[in-house]
There are 2 protein chains.
Amino acid sequence: MNRKQLVKILRKNGYKATPQRLAIFELILSSKEHPTAEEIHNEVSKKFPSMSLSTVYQVLHLLQDLGQIMELKFRGQSSRFETNTTPHLNLICPGCGKIEDYNSNTIVKFWSKLENEFDFEALSQRIDGYRYCDVCKK
Amino acid sequence: MNRKQLVKILRKNGYKATPQRLAIFELILSSKEHPTAEEIHNEVSKKFPSMSLSTVYQVLHLLQDLGQIMELKFRGQSSRFETNTTPHLNLICPGCGKIEDYNSNTIVKFWSKLENEFDFEALSQRIDGYRYCDVCKK
DNA sequence: TTTTAACTAATAATCATTATTATCTAAAAA
DNA sequence: TTTTTAGATAATAATGATTATTAGTTAAAA
């Protein structure tokens with residue numbers, strides 16, 4: 001997925017390809033971490049100083065509705081967002097909240113097997129494992 | 001898992017086995033739906049009229065920390081809770097928010113394979129698929 | 001039975017998220 | 001290119017689920 005593809009998707013669905021939308025999407029796309037709305041706002045504000053936090057939230061909702069990003073909610077934390085929409089594993093530390101992404105063919109194959117077994121077609125999915133990271137293990 | 005086992009787990013970890021804790025756990029256990037804190041409060045209040053909503057939240061946190069329940073958070077909704085802590089599939093409708101549990105040996109086997117492949121041991125896990133239910137599909 | 005650390009209930013406080021609305025702009029049409 | 005306007009943004013206020021606080025209560029060990 002890239003900027004041009006997102007422009008297409010937005011227009012196809014009757015939405016404008018505004019610089020704010022593109023900037024927010026590209027920030028999440030290029031982020032190795034899974035940023036929160038506030039972190040996204042801080043970063044994108046560097047290029048667009050007048051960017052409002054409420055715009056960030058609105059854009060995040062739109063991108064979710066279009067299936068381009070995934071929201072991960074956790075207790076006591078702001079939501080985190082990612083653009084990896086293919087089936088993959090999120091390994092999450094209950095201590096520090098860090099999320100690591102793991103992709104593998106095993107997971108992709110498992111997911112289609114599951115869709116087959118239970119006869120559904122997912123718009124999106126979420127596979128989380130919770131375990132303490134090396135730092136928090138101590 | 002049953003009442004007696006929970007009493008053991010609580011005491012082993014230095015917590016008191018209070019009637020409130022047992023009632024809340026049993027309510028979630030017996031609930032086919034995935035109740036919210038408020039729904040739990042409403043139900044348990046029938047037996048314990050003085051039960052406070054804040055007690056419900058505190059007990060829910062404790063049970064989570066003990067690995068006995070799982071919290072499922074979604075956008076624009078209160079968290080939902082379940083006692084099924086073995087690897088299973090939650091099929092969730094983005095329209096009405098309904099959650100259906102599906103258990104299968106395929107999933108349990110997949111999960112241990114995954115732990116093996118990525119060398120971790122999960123305290124808990126979450127496998128969600130999002131798709132419109134038959135009612136909301138229209 | 002007594003003791004006390006732990007727990008509950010009531011209430012207040014928090015803060016991430018959502019709602020509202022005046023202003024602005026992407027992009028289609030002239 | 002200019003005009004038009006539906007749709008978008010920015011600023012602010014409002015919401016509400018969750019968390020914090022604390023005085024009074026109780027499970028359970030001694």
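These figures come from a predicted structure and were not determined experimentally. Below, read A as the first sequence line, B as the second, and so on, with proteins coming before strands; counting in each chain starts at 1.
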So, using ring pair (Phe, Tyr, Trp, His ring centres under 6.0 Å) as the criterion, who are the partners of A:Phe110 when residues are at least two apart? B:Phe110
Can you tell me how far C1' of D:dT18 sits from CZ of B:Phe74, to the nearest Å? 17 Å
Take atom CE of A:Met51 and atom P of C:dT25, then tell me their distance rounded to the nearest Å. 13 Å
Protein-nucleotide distance (B:Leu60, atom CG; C:dC7, atom P), rounded to Å: 15 Å
Are any protein N/O atoms closer than 3.5 Å to N/O atoms in nucleotides 1-5 of chain D? If there are, list each pair with its distance.
none

Side-chain N or O of A:Arg21 closer than 4.0 Å to phosphate OP1/OP2 of C:dA26: no
Are A:Leu91 and B:Trp111 grouped together when hydrophobic residues (ILVMFWY) are joined by side-chain heavy atoms under 4.5 angstrom apart? yes
B:Glu26 meets the salt bridge (Lys or Arg N to Asp or Glu O under 4.0 Å) criterion, sequence neighbours left out, with B:Arg3
Test of understanding: with side-chain contact (heavy atoms from CB on, under 4.5 Å), list the residues that count as partners of A:Lys16, not counting sequence neighbours. A:Thr18, A:Arg21
Scan nucleotides 11-20 of chain C nucleotide by nucleotide, 5' to 3', and note B when protein non-hydrogen atoms come under 4.0 Å of the base, S if they reach only the sugar-phosphate, - if neither. B----SSBB-
In whole Å, I'd like the distance from the CG atom of B:Asn13 to the C1' atom of C:dC7. 16 Å
Ignoring hydrogens and geometry beyond distance, is a side-chain donor-acceptor pair present between B:Glu38 and B:Ser78 at under 3.5 Å? no
Determine the contact category for A:Ser50: base if any of its heavy atoms lies under 4.0 Å from a base atom, sugar-phosphate if only primed atoms, P, OP1 or OP2 are that close, otherwise nothing. sugar-phosphate
Between A:Pro49 and A:Leu62, who's closer to the 5' end of DNA chain D by nearest nucleotide? A:Leu62
Is it true that B:Asp65 and A:Arg75 have a side-chain N and a carboxylate O under 4.0 angstrom from each other? yes
Looking at C:dA9, I'd like to know if its phosphate oxygens (OP1 or OP2) sit under 4.0 Å from a side-chain N or O belonging to B:Gln20. yes
Hey, does B:Thr55 reach any base, or is it just sugar-phosphate, or nothing, if we go heavy atoms under 4.0 Å? base
Grouping I, L, V, M, F, W and Y whenever their side-chain heavy atoms are under 4.5 Å apart, do A:Ile40 and A:Leu66 come out in a common cluster? yes
In whole Å, what is the span from the CD atom of B:Gln64 to the P atom of D:dT18? 11 Å
Quickly work out the A:Arg11 CZ to C:dA27 C1' distance and round it to whole Å. 8 Å
hydrophobic_cluster_shared for B:Leu72 and A:Phe120, side chain cutoff 4.5 Å: no
Quick one: ring pair (Phe, Tyr, Trp, His ring centres under 6.0 Å) pairs with a partner in residues 44-103 of chain A, sequence neighbours left out? A:Tyr102-B:Phe118
If I take atom OH in residue B:Tyr15 and atom P in nucleotide C:dT8, what distance separates them, rounded to the nearest angstrom? 12 Å
Whole angstrom value for the distance that separates P of D:dG7 from CG of A:Asp65: 16 Å
